[in-house]
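The residues of the chain are indexed from 1 along the displayed sequence.
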Amino acid sequence: QVQLVESGGGLVQAGGSLRRSCAASGRTFINDTMGWFRQAPGKEREFVAAIRWNTGSTYYGGSVKGRFTISRDNAKNTVTLQMNSLKPEDTAVYYCAAGLSTITIMYTRGYNYWGQGTQVTVSS
């Protein structure tokens, strides 16, 4: 049974930093793309970042590029999202996802498995 278990997040002031982690289990993920999405109230789920597990290639949404960094730890089967210079508009529920798509990685349809989601709140 595939599981994506998220940790980290919480409340931070604008300009601060947070780290989100996603531990994957249940099968091998070497051919997967691991992604992070977020969803604010009343808005659609938005692509944040993705990383290909085998090559380490990374991709970022325009609103977070230069501030967020995605990385992976093969030994721990964990993907981490380091969020720096946080802004109030980064406030959302953040989700980890895994999928075998190599094309639609910026869209939710490119992912088959999702974490439980965790609230990140940035106060002004």
Practice problem: Flag yes if Y107 and I105 sit in one hydrophobic cluster, no otherwise; membership is Ile, Leu, Val, Met, Phe, Trp, Tyr, and two members link when side-chain heavy atoms are under 4.5 Å apart. | Solution: yes
Exercise. Report the C-alpha distance between W53 and N31 in whole Å, list the side-chain angles of each, state the deciding distance to 0.1 Å, and finish with yes or no for side chain to side chain contact (heavy atoms under 4.5 Å, CB included).
Key: CA-CA 6 Å; W53 205 286; N31 295 314; over 6 Å; no
Quiz prompt | Heavy-atom side-chain contact between T80 and R72 under 4.5 Å | solution = no
Quiz item: Does CD belonging to Q119 count more than 12 external heavy atoms closer than 6.0 Å?
Solution: yes
Quiz item: Taking atom CZ of F29 and atom OG1 of T78, what is their separation to the nearest 0.5 Å?
Solution: 10.5 Å
Quiz item: Does any donor atom in the side chain of S57 or R52 lie under 3.5 Å from an acceptor atom in the other side chain?
Solution: no
Quiz item: Heavy-atom distance under 4.5 Å between the side chains of I70 and V79, does that happen here?
Solution: yes
Quiz prompt | Heavy-atom closest pair, residues Q39 and K43 | solution = NE2-O, 3.1 Å
Exercise. Compare all side-chain heavy atoms of L18 with those of V120 and state whether any distance is below 4.5 angstrom.
Key: yes
Quiz item: Heavy-atom distance under 4.5 Å between the side chains of M83 and Y94, does that happen here?
Solution: yes
Quiz item: What closest approach, in Å, do T91 and V122 show between heavy atoms, and which atom pair accounts for it?
Solution: OG1-N, 2.9 Å
Quiz item: Which heavy atom in P88 sits nearest to a heavy atom in S124, and how many Å separate them?
Solution: CG-CB, 3.8 Å
Quiz item: Tell me, do I51 and Y59 make a side-chain contact under 4.5 Å, heavy atoms counted?
Solution: no
Quiz item: Short question: side chain of S101, backbone of T104 - any donor-acceptor pair under 3.5 Å?
Solution: yes
Exercise. Check the pair D32, R27 against salt bridge (Lys or Arg N to Asp or Glu O under 4.0 Å), reporting the backbone distance first and the verdict last.
Key: CA-CA 11 Å; D32 281 69; R27 64 167 173 78; 2.8 Å; yes
Quiz prompt | SB check D90 R67 (cutoff 4.0 Å) | solution = yes
Quiz item: In Å, rounded to the nearest 0.5 Å, how long is the span from CG of L4 to OH of Y111?
Solution: 11.5 Å
Self-check item: Distance, nearest 0.5 Å, that separates OG1 of T33 from CE of M106
Solution: 12.5 Å
Exercise. Examine M34 and I30 and state if one hydrophobic cluster contains both, with Ile, Leu, Val, Met, Phe, Trp and Tyr joined whenever side-chain heavy atoms are less than 4.5 Å apart.
Key: yes
Self-check item: Heavy-atom donor-acceptor pair, N112 side chain to G99 backbone, under 3.5 Å
Solution: no
Self-check item: Stepwise side chain to side chain contact (heavy atoms under 4.5 Å, CB included) test for Q116 and E6
Solution: CA-CA 7 Å; Q116 77 274 18; E6 302 172 27; 3.8 Å; yes
Self-check item: Pair F47-Y60, side chain to side chain contact (heavy atoms under 4.5 Å, CB included): steps then yes or no
Solution: CA-CA 8 Å; F47 172 75; Y60 295 94; 5.5 Å; no
Quiz item: Taking it one step at a time, do F37 and Y95 satisfy ring pair (Phe, Tyr, Trp, His ring centres under 6.0 Å)?
Solution: CA-CA 5 Å; F37 287 76; Y95 297 90; 8.8 Å; no
Practice problem: Scan side-chain atoms only and decide if S63 and R38 contain a donor-acceptor pair under the 3.5 Å cut-off. | Solution: yes
Practice problem: Would you check if there is a donor-acceptor pair between the side chains of T118 and R20 at a distance under 3.5 Å? | Solution: yes
Self-check item: Test item: side-chain donor near acceptor, N84 and S17, under 3.5 Å
Solution: yes
Quiz item: Under 6.0 Å between ring centres, would you say that holds for W36 and F68?
Solution: no
